[in-house]
Number of protein chains: 2
Amino acid sequence: MADKESLQFHMNLGMLINSAHRAMTKRFVQNAHESGLDISLDQWMVLGPIWQRGDASQKELGDMCLKDKTSVTRIIDTLEKKNLVVRVPDQLDHRVNRVILTNAGKQLFYDVLPVMEKTREEVKKNIPDEDIEIFKNVLSSIIINLENEKG
Amino acid sequence: MADKESLQFHMNLGMLINSAHRAMTKRFVQNAHESGLDISLDQWMVLGPIWQRGDASQKELGDMCLKDKTSVTRIIDTLEKKNLVVRVPDQLDHRVNRVILTNAGKQLFYDVLPVMEKTREEVKKNIPDEDIEIFKNVLSSIIINLENEKG
DNA sequence: CTATAATAGTTGTAGGTTCAACTAATGGCA
DNA sequence: TGCCATTAGTTGAACCTACAACTATTATAG
């Protein structure tokens with residue numbers, strides 16, 4: 001129903017990003033669900049860095065995912081409710097929570113890896129690698145352009 | 001703080017789109033706010049097609065913005081609460097609402113146009129036009145790749 | 001050492017998204 | 001004509017996001 005020309009004609013950059021972002025998020029969750037896994041893309045985004053580092057403070061997670069501290073709080077709330085992570089108070093700095101994966105969290109992480117890979121392939125289907133490179137480059141530039149100097 | 005290489009190294013496609021999308025949305029709202037205007041990017045996305053066509057059903061708005069009918073319902077709720085649009089029952093098909101702009105809605109639309117333009121320029125700063133073209137092309141392809149064949 | 005600023009995290013409010021279940025109206029087919 | 005499927009829109013629940021105001025802890029400047 002939607003061909004490439006009409007999409008580009010009717011939609012500006014913001015709307016295109018908005019739609020592509022929602023489509024990817026939705027497809028990831030659908031693919032996870034088909035594999036019997038219950039996880040959102042944002043939960044996955046947070047899980048990754050914790051796995052990579054063994055643990056991470058909420059501040060560090062926010063920095064790595066470019067997420068607001070409020071969002072991190074609530075995502076960790078959800079992950080904790082699902083018994084995928086635990087908040088452990090930092091012994092040195094009592095303001096800080098170290099967030100670590102439970103065994104269930106580690107298991108889920110491994111289970112989701114192929115789902116992520118499948119989604120990635122569906123997203124990139126029929127798009128030349130060099131265009132993907134430029135695409136990622138432009139995204140990075142946009143993020144940097146808008147990073148909060150604000151003035 | 002975030003340079004292009006480290007962004008691309010640490011973040012995958014989904015996270016980059018996610019972050020860029022949020023950054024754009026945020027900047028648009030900030031710019032509108034600085035001009036004394038109170039509007040979200042999603043509200044703007046819906047206002048545009050109504051203005052273009054004079055009126056539109058919620059179904060048509062969803063199609064044009066690639067938004068779920070639930071989202072459209074709630075955005076129209078908000079716009080109606082702010083007296084920017086009105087739902088008018090369609091005389092021929094009683095299932096349908098025709099959504100039209102109030103005078104305040106038209107005024108806001110015109111006021112926001114330069115804000116949109118400013119945001120667009122901030123987003124595209126230092127990015128070559130030909131890269132932007134490829135970028136939009138890739139976004140369209142992704143949307144089409146993920147359009148709900150699902151099977 | 002103490003007052004003050006900065007930092008980590010939480011909470012409330014409001015808006016946007018998805019899914020699923022629902023109402024109301026229309027369309028089509030026997 | 002009457003049953004049934006489809007379509008337009010709404011509602012509730014759960015999650016994510018941003019902003020602002022708040023608590024608690026740590027760092028710093030005088």
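Everything numeric in this text was worked out from a predicted model, so none of it was measured. In what follows, every chain begins at residue 1, and chains take the letters A, B, ... in the order their sequences are listed.
- Of the candidate nucleotides D/dA18, C/dT18, C/dT26, C/dT26 has the atom nearest to the side chain of B/His94.
- For the atom pair NZ (A/Lys125) and CD1 (B/Ile142), the distance works out to 12.0 Å, reported to the nearest 0.5 Å.
- Among the atoms of the strands shown, none is found under 4.0 Å from any heavy atom of B/Ile39.
- In the set D/dC19, C/dA8, D/dC16, the nucleotide with an atom closest to the side chain of A/Ile75 is D/dC16.
- Between B/Phe109 and B/Trp51, the ring-plane angle classifies as parallel under the 30° and 60° cut-offs.
- Classified by interplanar angle (parallel below 30°, tilted 30° to 60°, perpendicular above 60°), the ring pair B/His21/A/His21 is tilted.
- In this structure, A/Asn97 reaches the C/dT10 phosphate: one of its side-chain N or O atoms is under 4.0 Å from OP1 or OP2.
- Using a 4.0 Å heavy-atom criterion, one finds that B/Thr73 contacts the bases of the nucleic acid, with or without backbone contacts as well.
- Note: CD (B/Glu80) to P (C/dG16) measures 14 Å, nearest angstrom.
- Within the model, atoms CG of B/Asn126 and CD1 of A/Ile144 stand 10.0 Å from one another, a figure rounded to the nearest 0.5 Å.
- Checking B/Glu122, B/Glu34, B/Glu121 one by one against B/Arg27, the salt bridge (Lys or Arg N to Asp or Glu O under 4.0 Å) holds for a single residue, B/Glu122.
- In this structure, CE of B/Met15 is placed 11 Å from P of D/dT17, rounded to the nearest angstrom.
- The NE2-P distance, from B/His21 to C/dG16, rounds to 12 Å in whole Å.
- Summarising the geometry, the separation between CD1 on B/Ile76 and C1' on C/dG16 is reported as 13 Å, rounded to the nearest angstrom.
- If you measure from atom CD of B/Glu60 to atom C1' of D/dG9, you get 14 Å, rounded to the nearest angstrom.
- When the side-chain nitrogen and oxygen atoms of A/Lys67 are compared with OP1 and OP2 of D/dC16, none of them lie within a distance under 4.0 Å.
- Among the atoms of the strands shown, base atoms are found under 4.0 Å from some heavy atom of B/Lys69.
- Residue contacts for A/Thr25: at a heavy-atom cut-off of 4.0 Å it reaches no nucleic acid atom on any strand shown.
- Counting to the nearest Å, the C1' atom of C/dC19 and the CZ atom of A/Arg27 are 16 Å from each other.
- Look at B/Gln58 and you won't find any side-chain N or O under 4.0 angstrom from OP1 or OP2 of D/dT7.
- The residue among A/Leu41 and B/Arg87 whose nearest nucleotide of DNA chain D is located toward the 5' end is B/Arg87.
- Taking the side chain of B/Ser40 as heavy atoms from C-beta on, and the options C/dT17, D/dT17, C/dG16, the nearest nucleotide is C/dG16.
- In terms of position along DNA chain D, the nucleotide closest to A/Lys82 lies nearer the 5' end than the nucleotide closest to the other residue of the pair A/Lys82 and A/Arg95.
- Here the nucleotide nearest the side chain of A/Asp93, chosen from D/dC19, C/dT17, D/dT26, is D/dT26.
- If you measure from atom CZ of B/Arg74 to atom P of D/dT17, you get 18 Å, rounded to the nearest angstrom.
- Judged by closest nucleotide on DNA chain C, A/Thr70 is the one of A/His33 and A/Thr70 placed further toward the 5' end.
- Using a 4.0 Å heavy-atom cutoff across all strands shown, B/Thr78 reaches sugar-phosphate atoms only and no base atom.
- Here C/dT17 presents its C1' atom at 12 Å from CE of B/Met45, a figure rounded to the nearest Å.
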side-chain contact (heavy atoms from CB on, under 4.5 Å) evaluation trace for B/Val86 with B/Val99:
CA-CA 6 Å; B/Val86 182; B/Val99 182; over 6 Å; no

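- Each of A/Asp77 and B/Asp42 has a nearest nucleotide on DNA chain C; the 5'-most of these lies closest to A/Asp77.
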